[in-house]
Peer 1: 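Please see the structure below; I have some questions.
Atoms within each ligand, like the ligands themselves, are counted from 1 in listed order. Heads up: numbering here begins at 1 and tracks the sequence. What you see is a predicted model; the values in this text were computed from it and never measured.
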Amino acid sequence: MSDILKVTVLGTGVLGSQIAFQAAYSGFDVTAYEISDEALDQARHRFETLVETYVKEVTGAADGKAAEASRRITLTADLGAAVANADLVIEAVPEVLEIKQALYEKLAGLAPDRTIFATNSSTLLPSDLKAFTGRPDRFLALHFANSIWKFNTAEVMGTDDTDPAVFDTLIAFSSAIGMVPIPVRKEKAGYVLNSLLVPFLNAATDLAAGGYAEPEDVDKVWRIATGAPMGPFQIYDIIGLNTPYNILSHGDEHAQSLAAWLKENYIDKGKLGIASGEGFYSYKPAD
Ligand code: NAD
């Protein structure tokens with residue numbers, strides 16, 4: 001992994017904090033950038049929580065390794081300083097085209113020419129952003145899954161302009177931070193993961209909202225008949241219902257009716273998934 005030594009992560013929300021922490025845990029020097037001092041305070045809190053999570057869930061993290069990772073992360077609200085020495089910048093700012101484009105325009109002038117830029121965007125294509133990077137040959141998508149320490153895929157997807165050597169560098173970097181790299185050979189909205197997952201969850205919602213089968217029975221069929229460990233509604237609860245709701249709300253009329261069903265029966269009742277203690281299943285401790 002000679003090419004990448006210094007990694008900068010932009011945005012320390014749900015995914016950015018996990019990416020920064022995982023890279024630091026794997027021995028890289030990491031700089032994490034946020035937009036304000038207040039956001040940096042939240043970042044500190046997220047990293048503290050990640051230390052606890054790794055200690056609980058990652059083998060070998062308890063003997064000081066997780067705490068050490070946290071110390072390898074430098075936090076800053078100065079974008080120029082954040083990228084001045086970066087070999088790789090991983091962008092994990094909100095999924096809003098204009099925010100990302102404006103950020104890349106600034107970055108183009110601030111980062112050294114050699115710096116590789118990678119977006120963690122879930123729904124945008126790297127082609128939507130490449131013109132703003134000032135280096136389309138050194139820009140591509142590097143898409144992680146939530147709970148990176150255990151759901152460790154890294155989907156690597158370039159544009160027609162991405163230098164194949166840069167693509168290969170990111171495949172190697174992904175392995176170096178404990179991911180299973182997945183090369184996506186052509187640009188595809190949703191990569192591999194969401195190309196499979198979104199239609200799967202939509203089909204499950206259609207069955208339950210249409211009154212064909214209860215959510216737990218849909219899950220039961222999937223688990224028993226395929227040997228899968230989880231059914232679609234268990235997966236829903238892990239993801240949280242808001243993101244699938246947002247995706248359905250932007251779909252056709254039928255998709256919008258499924259979104260309305262999710263909202264009325266679950267979201268409006270505070271049933272957002274594991275994070276809220278209840279979704280399709282209850283996760284509240286027994287009384
Ligand atoms: P989030 O809202 O939790 O975090 C975004 C962070 O970016 C916030 O901390 C915010 O303060 C910061 N931010 C806002 N504007 C910024 C700017 N101009 N520069 C730098 N930071 C800025 O979002 P998230 O869920 O972590 O998603 C971030 C990216 O990761 C999105 O592109 C999303 O599609 C992608 N992603 C998310 C998930 C997921 O499960 N949440 C999974 C894979 C990929």
Peer 1: I want to confirm something. Looking only at heavy atoms, which of Ala92, Gly16, Gly11 is nearest to atom 5 (C) of ligand 1?
Peer 2: Ala92
Peer 1: Heavy-atom distance from atom 7 (O) of ligand 1 to the protein below 4.0 Å?
Peer 2: yes
Peer 1: I want to check something: taking the side chain as every heavy atom from C-beta on, are Leu142 and Thr119 in contact at a cut-off of under 4.5 Å?
Peer 2: no
Peer 1: May I ask you to check whether Tyr245 and Tyr266 place their ring centers less than 6.0 Å from one another?
Peer 2: no
Peer 1: With a cut-off of 4.0 Å, which atoms of ligand 1 are near a heavy atom of Lys100?
Peer 2: 31 (C), 32 (O)
Peer 1: Could you check whether Glu57 and Trp149, counting side-chain N and O atoms only, form a donor-acceptor pair closer than 3.5 Å?
Peer 2: yes
Peer 1: Tell me which protein heavy atom sits closest to atom 4 (O) of ligand 1, plus the residue, atom name and distance to 0.1 Å.
Peer 2: Gly13 CA, 3.2 Å
Peer 1: Quick one: nearest non-hydrogen protein atom to atom 14 (C) of ligand 1, plus distance?
Peer 2: Pro94 CD, 3.2 Å
Peer 1: Students should be able to answer this: which protein heavy-atom is nearest to atom 23 (O) of ligand 1, and at what distance?
Peer 2: Val14 N, 4.5 Å
Peer 1: Does a side-chain N-to-carboxylate-O contact under 4.0 Å join Asp87 and Lys6?
Peer 2: no
Peer 1: Kindly confirm or rule out an N or O of Ile99 lying under 3.5 angstrom from an N or O of ligand 1.
Peer 2: no
Peer 1: Is the shortest distance from a Lys or Arg side-chain nitrogen in Arg72 or Asp29 to a carboxylate oxygen in the other one below 4.0 Å?
Peer 2: no
Peer 1: Would you call the rings of Trp261 and Phe280 parallel, tilted or perpendicular if under 30° counts as parallel and over 60° as perpendicular?
Peer 2: parallel
Peer 1: Short question: side chain of Ser257, backbone of His254 - any donor-acceptor pair under 3.5 Å?
Peer 2: yes
Peer 1: So which heavy atom in the protein is nearest atom 32 (O) of ligand 1, and how far is it from that ligand atom?
Peer 2: Glu95 OE1, 2.5 Å
Peer 1: Hey, are Asp161 and Lys130 close enough for a salt bridge, meaning a charged N less than 4.0 Å from a carboxylate O?
Peer 2: yes
Peer 1: Just to confirm my output: which protein heavy-atom neighbour is closest to atom 16 (C) of ligand 1, and how far is it?
Peer 2: Ile35 CG2, 3.5 Å
Peer 1: Look only at interatomic distance and state if Thr123 has a nitrogen or oxygen under 3.5 Å from any nitrogen or oxygen of ligand 1.
Peer 2: no
Peer 1: Parallel under 30°, tilted from 30 to 60°, perpendicular over 60°: which one fits the rings of Tyr104 and Phe117?
Peer 2: tilted
Peer 1: Salt bridge or not for Lys269 and Glu264, using N-O below 4.0 Å?
Peer 2: no
Peer 1: Quick check on contacts: which atoms of ligand 1 are under 4.0 angstrom from a heavy atom of Tyr33?
Peer 2: 19 (N), 20 (C)
Peer 1: Starting from atom 22 (C) of ligand 1, find the nearest protein heavy-atom neighbour and note its residue, name and distance.
Peer 2: Val93 CG1, 3.6 Å
Peer 1: In ligand 1, which numbered atoms sit nearer than 4.0 Å to a non-hydrogen atom of Ser122?
Peer 2: 33 (C), 34 (O), 35 (C), 36 (N), 37 (C), 42 (C), 43 (C), 44 (C)
Peer 1: Which part of His143 is near ligand 1, with near meaning a heavy atom under 4.0 Å away: side chain, backbone, both or neither?
Peer 2: side chain
Peer 1: How far is atom 30 (O) of ligand 1 from its nearest protein heavy atom, and which residue and atom name does that atom have?
Peer 2: Asn120 ND2, 2.9 Å
Peer 1: If the cut-off is 4.0 Å to any non-hydrogen atom of Asn146, which atoms of ligand 1 fall inside it?
Peer 2: 40 (O)
Peer 1: Take Phe151 and Phe144 through the test ring-ring contact (aromatic ring centres under 6.0 Å, His included) and record every step on the way to the result.
Peer 2: CA-CA 9 Å; Phe151 301 147; Phe144 298 94; over 10 Å; no
Peer 1: Which residue and atom name correspond to the protein heavy atom nearest atom 43 (C) of ligand 1, and how close is it?
Peer 2: Phe144 O, 3.1 Å
